[in-house]
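Worth knowing before you read on, the calculation uses all heavy atoms, side chains too, and leaves out hydrogens, waters and symmetry mates. We name chains A, B, ... by the order of the sequence lines, and we start the count at 1 in each one.
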Amino acid sequence: MPEFASAFLRTLSERGFIHQCTDAAALDARASSGAVPAYIGFDATAPSLHAGSLVQIMMLRWLQQTGHKPIVLMGGGTTRVGDPSGKDESRQLLDDAAIESNIAGIKQVFSRFLNFGDGPTDAILVNNDAWLRGLRYVDFLREVGRHFSINRMLSFDSVRLRLEREQPLSFLEFNYMILQAYDFMELNRRHGCALQMGGSDQWGNIVNGVDLTRRMSDAEVFGLTTPLLTTAGGAKMGKTAGGAVWLNGDMLPPYDYWQYWRNADDADVGRFLRLFTTLDLAEIARLESLQGAEINEAKKVLANAATRLLHGEEAAERAAKTAAETFVEGGGASADLPTISVDGGRLAEGVGVLSLFVEAGLTASNGEARRLIKNGGARLNDEKIADDSRQVSMNDIAANGAIKLSAGKKKHVLVRPN
RNA sequence: GGAGGGAUGCCCGAGUGGUUAAAGGGGACGGGCUGUAAACCCGUUGCGUAAGCUACGUUGGUUCGAAUCCAACUCCCUCCA
């Protein structure tokens with residue numbers, strides 16, 4: 001990696017954000033001489049972003065911290081088409097109402113990472129539905145479509161891989177890259193946007209946008225991608241056992257978010273600290289060099305810092321405290337563990353453990369709960385459950401007023417009577 | 001529109017009339033070892049307390065008995081027009 005003059009590129013480079021860049025030297029010069037508006041697009045396919053998008057969000061954060069203007073593009077329009085990049089099959093099409101509500105959910109997160117406003121380096125959030133929905137087909141074909149060659153489009157991974165694997169690719173999806181390219185040009189016109197960033201799977205879409213903007217607006221714009229992030233275990237970033245690591249607190253409690261980072265693979269700690277926290281690099285180097293069990297300290301720092309960024313100082317501290325109580329001190333049922341309430345009357349009569357595990361969301365069915373017990377992984381108030389016909393009653397309520405159910409060593413739920 | 005091929009559990013994939021709740025692999029989950037890690041080892045992996053029920057694209061049929069045979073339909077792929 002060359003030495004960059006601009007704080008922006010230097011930071012991204014040092015922290016491991018850069019995979020490819022269209023013209024790094026020219027972009028560096030541009031970023032050194034004034035505020036650069038840059039955008040990243042987010043599809044509205046789910047009601048929340050997950051940890052897989054965090055690299056992009058952090059990149060926007062650094063952009064702003066180093067004196068530039070972040071543009072968050074919500075893909076209200078493009079989501080109606082569906083990005084084929086990196087997918088073998090077309091995704092189910094979402095209707096407008098679902099897209100609307102997804103956008104509302106996704107928006108929440110950005111204000112934690114970026115400062116929005118009207119100033120030159122304040123972040124703005126726009127929705128490409130604003131200019132895509134009203135497009136007129138024939139006009140669009142004449143003005144935009146003529147700049148695209150099918151020969152070239154077919155060579156892009158997003159298309160080529162589908163064809164090679166004999167997976168269907170609809171004409172609708174085929175057009176996605178054109179619309180995304182058009183977005184870039186439109187953002188350049190409207191907001192002077194000069195840079196699009198994204199994951200490495202977006203490279204094709206991004207360079208198309210760079211080309212189109214040059215052809216139609218005669219403007220030089222840039223593209224930059226992040227490396228495809230996987231954990232050392234080979235898993236995709238942001239996916240775990242239990243599902244996606246959602247950023248919205250109502251979809252994944254801060255405690256679970258904290259746990260996600262705390263459970264990072266040893267080999268990932270340094271990389272994650274650089275990407276997902278704002279700690280300075282010297283400190284990260286120190287943490288990263290910890291050996292053996294000591295690296296757990298680094299994981300706690302990572303979990304604290306990452307949770308603080310997303311959920312705030314207080315939530316991060318509570319999560320850390322709960323984790324300490326749960327894992328270090330063993331017993332105690334900390335108040336911040338996930339909690340369900342059960343009707344007091346039912347509890348007085350006694351409730352079967354199996355159904356209680358299902359109600360707590362620890363197992364998907366009674367059968368699964370039974371297996372869990374048989375495998376010795378089910379605990380009630382930290383005592384192994386041996387009998388799957390056991391009844392749980394008021395007598396099981398511990399001193400703190402709740403019953404603690406555990407599935408394995410890491411998943412715990414408190415049951416409170418109401 | 002025509003011809004051919006296909007659809008099996010979370011995923012991949014075997015199975016072409018009976019002991020098939022369906023081989024094998026992956027994933028996931030639990031246990032062991034550890035450091036709430038990785039690797040490794042062991043176990044589990046449709047629902048139901050059970051009788052039993054549901055399941056191999058959908059619907060109907062043949063049969064004592066079907067994922068397996070037949071018919072129609074749906075969707076996908078390839079080639080031709």
Side-chain angles (χ1 to χ4, degrees), chain A residues 87-93 161-173 230-236 239-245 255-273 287-304 306-307 319-332 334 336-337 350-358 360-380 382-392 405-413:
Chain A
K87 299 187 195 68
D88 262 0
E89 290 174 16
S90 350
R91 215 194 294 235
Q92 185 118 38
L93 288 176
L161 295 174
R162 277 275 190 99
L163 296 181
E164 278 175 4
R165 290 185 204 164
E166 302 193 349
Q167 298 289 343
L169 176 76
S170 68
F171 183 66
L172 177 75
E173 295 170 281
T230 55
T231 65
K236 264 187 194 161
K239 302 274 181 177
T240 61
V245 182
Y255 172 73
D256 290 321
Y257 189 73
W258 194 93
Q259 283 297 325
Y260 175 70
W261 298 107
R262 174 62 182 81
N263 283 309
D265 200 301
D266 283 8
D268 288 328
V269 171
R271 205 158 48 105
F272 285 3
L273 281 166
L287 289 167
E288 191 178 18
S289 68
L290 294 174
Q291 291 301 309
E294 289 189 339
I295 198 144
N296 283 328
E297 287 313 307
K299 292 185 187 180
K300 285 179 199 165
V301 173
L302 170 64
N304 284 336
T307 308
K321 182 160 166 283
T322 300
E325 285 167 359
T326 308
F327 289 101
V328 181
E329 294 158 30
S334 181
D336 200 37
L337 288 173
V351 182
V353 254
L354 298 180
S355 46
L356 206 53
F357 265 82
V358 174
L362 289 169
T363 59
S365 67
N366 287 10
E368 193 180 318
R370 188 171 300 112
R371 270 178 246 130
L372 185 70
I373 291 172
K374 189 163 138 248
N375 285 332
R379 286 163 192 276
L380 186 146
D382 298 309
E383 282 185 30
K384 194 173 282 187
I385 301 171
D387 176 10
D388 63 13
S389 62
R390 189 188 194 294
Q391 295 289 304
V392 179
L405 297 180
S406 313
K409 280 175 286 198
K410 295 185 188 175
K411 287 180 293 189
H412 311 278
V413 168

Check every strand shown and say whether [X] touches a base, only sugar-phosphate, or nothing at a heavy-atom separation below 4.0 Å.
{"X": "Ala407(A)", "result": "sugar-phosphate"}
{"X": "Gly352(A)", "result": "nothing"}
{"X": "Glu294(A)", "result": "nothing"}
{"X": "Ala264(A)", "result": "sugar-phosphate"}

Run the salt-bridge test on [X] and [Y] with the 4.0 Å N-O cut-off and return the result as yes or no.
{"X": "Glu368(A)", "Y": "Arg371(A)", "value": "no"}
{"X": "Lys321(A)", "Y": "Glu325(A)", "value": "yes"}
{"X": "Asp387(A)", "Y": "Arg390(A)", "value": "no"}

To the nearest angstrom, how far is [X] atom [atom1] from [N] atom [atom2]?
{"X": "Asp266(A)", "N": "rU34(B)", "atom1": "CG", "atom2": "P", "result": "16 Å"}
{"X": "Glu297(A)", "N": "rG35(B)", "atom1": "CD", "atom2": "P", "result": "14 Å"}
{"X": "Gln291(A)", "N": "rA37(B)", "atom1": "CD", "atom2": "C1'", "result": "13 Å"}
{"X": "Arg262(A)", "N": "rA38(B)", "atom1": "CZ", "atom2": "C1'", "result": "14 Å"}
{"X": "Trp258(A)", "N": "rU36(B)", "atom1": "CH2", "atom2": "C1'", "result": "9 Å"}
{"X": "His412(A)", "N": "rU36(B)", "atom1": "NE2", "atom2": "C1'", "result": "9 Å"}
{"X": "Arg379(A)", "N": "rG30(B)", "atom1": "CZ", "atom2": "P", "result": "12 Å"}
{"X": "Tyr257(A)", "N": "rU36(B)", "atom1": "OH", "atom2": "P", "result": "22 Å"}

With respect to the phosphate group of rG30(B), does any side-chain polar atom (N or O) of Lys411(A) fall under 4.0 Å of OP1 or OP2? yes
Separation of the [atom1] atoms in [N] and [M], to the nearest angstrom:
{"N": "rC12(B)", "M": "rU62(B)", "atom1": "P", "result": "34 Å"}
{"N": "rG27(B)", "M": "rA7(B)", "atom1": "C1'", "result": "22 Å"}
{"N": "rA66(B)", "M": "rG2(B)", "atom1": "P", "result": "33 Å"}
{"N": "rG46(B)", "M": "rG24(B)", "atom1": "P", "result": "13 Å"}
{"N": "rG26(B)", "M": "rG43(B)", "atom1": "P", "result": "14 Å"}
{"N": "rA3(B)", "M": "rU58(B)", "atom1": "C1'", "result": "24 Å"}
{"N": "rG52(B)", "M": "rC42(B)", "atom1": "C1'", "result": "32 Å"}
{"N": "rG5(B)", "M": "rC11(B)", "atom1": "P", "result": "26 Å"}

Do you know which two heavy atoms are closest between Ala303(A) and Trp261(A), and how far apart they sit? CA-CB, 3.6 Å
So do the side chains of Gln259(A) and Phe327(A) get within less than 4.5 Å of each other, counting heavy atoms only? yes
If pairing requires Watson-Crick or G-U wobble contacts with both distances under 3.5 Å, which nucleotide is the partner of [N]?
{"N": "rG4(B)", "result": "rC77(B)"}
{"N": "rA21(B)", "result": "none"}
{"N": "rC40(B)", "result": "rG32(B)"}
{"N": "rA72(B)", "result": "rU58(B)"}
{"N": "rU16(B)", "result": "none"}
{"N": "rU45(B)", "result": "rG27(B)"}
{"N": "rG9(B)", "result": "none"}

When rounded to the nearest 0.5 angstrom, what distance separates [atom1] in [X] from [atom2] in [Y]?
{"X": "Leu290(A)", "Y": "Asn296(A)", "atom1": "CG", "atom2": "CG", "value": "9.5 Å"}
{"X": "Leu362(A)", "Y": "Leu356(A)", "atom1": "CG", "atom2": "CG", "value": "9.0 Å"}
{"X": "Arg379(A)", "Y": "Ile385(A)", "atom1": "CZ", "atom2": "CD1", "value": "9.5 Å"}
{"X": "Ser406(A)", "Y": "Phe357(A)", "atom1": "OG", "atom2": "CZ", "value": "7.0 Å"}

For Gly376(A) and for Ile295(A), find the nucleotide of RNA chain B with the closest heavy atom, then tell me which residue's nucleotide is more 5'. Gly376(A)
Could you say whether Lys410(A) or Lys384(A) is positioned toward the 5' end of RNA chain B, judged by the nucleotide with the nearest heavy atom to each? Lys384(A)
Once hydrogens and angles are ignored, does a donor-acceptor distance under 3.5 Å link the base of rU34(B) to the side chain of Lys409(A)? yes
Quickly, which of Asp268(A), Asp266(A), Asn304(A) forms a side-chain hydrogen bond (donor to acceptor under 3.5 Å, both in side chains) with Lys299(A)? Name it, please. Asp266(A)
Taking protein heavy atoms under 4.0 Å as touching, what does nucleotides 43-49 of chain B look like 5' to 3' if B marks base contact, S marks sugar-phosphate-only contact and - marks none? BSS-SSS
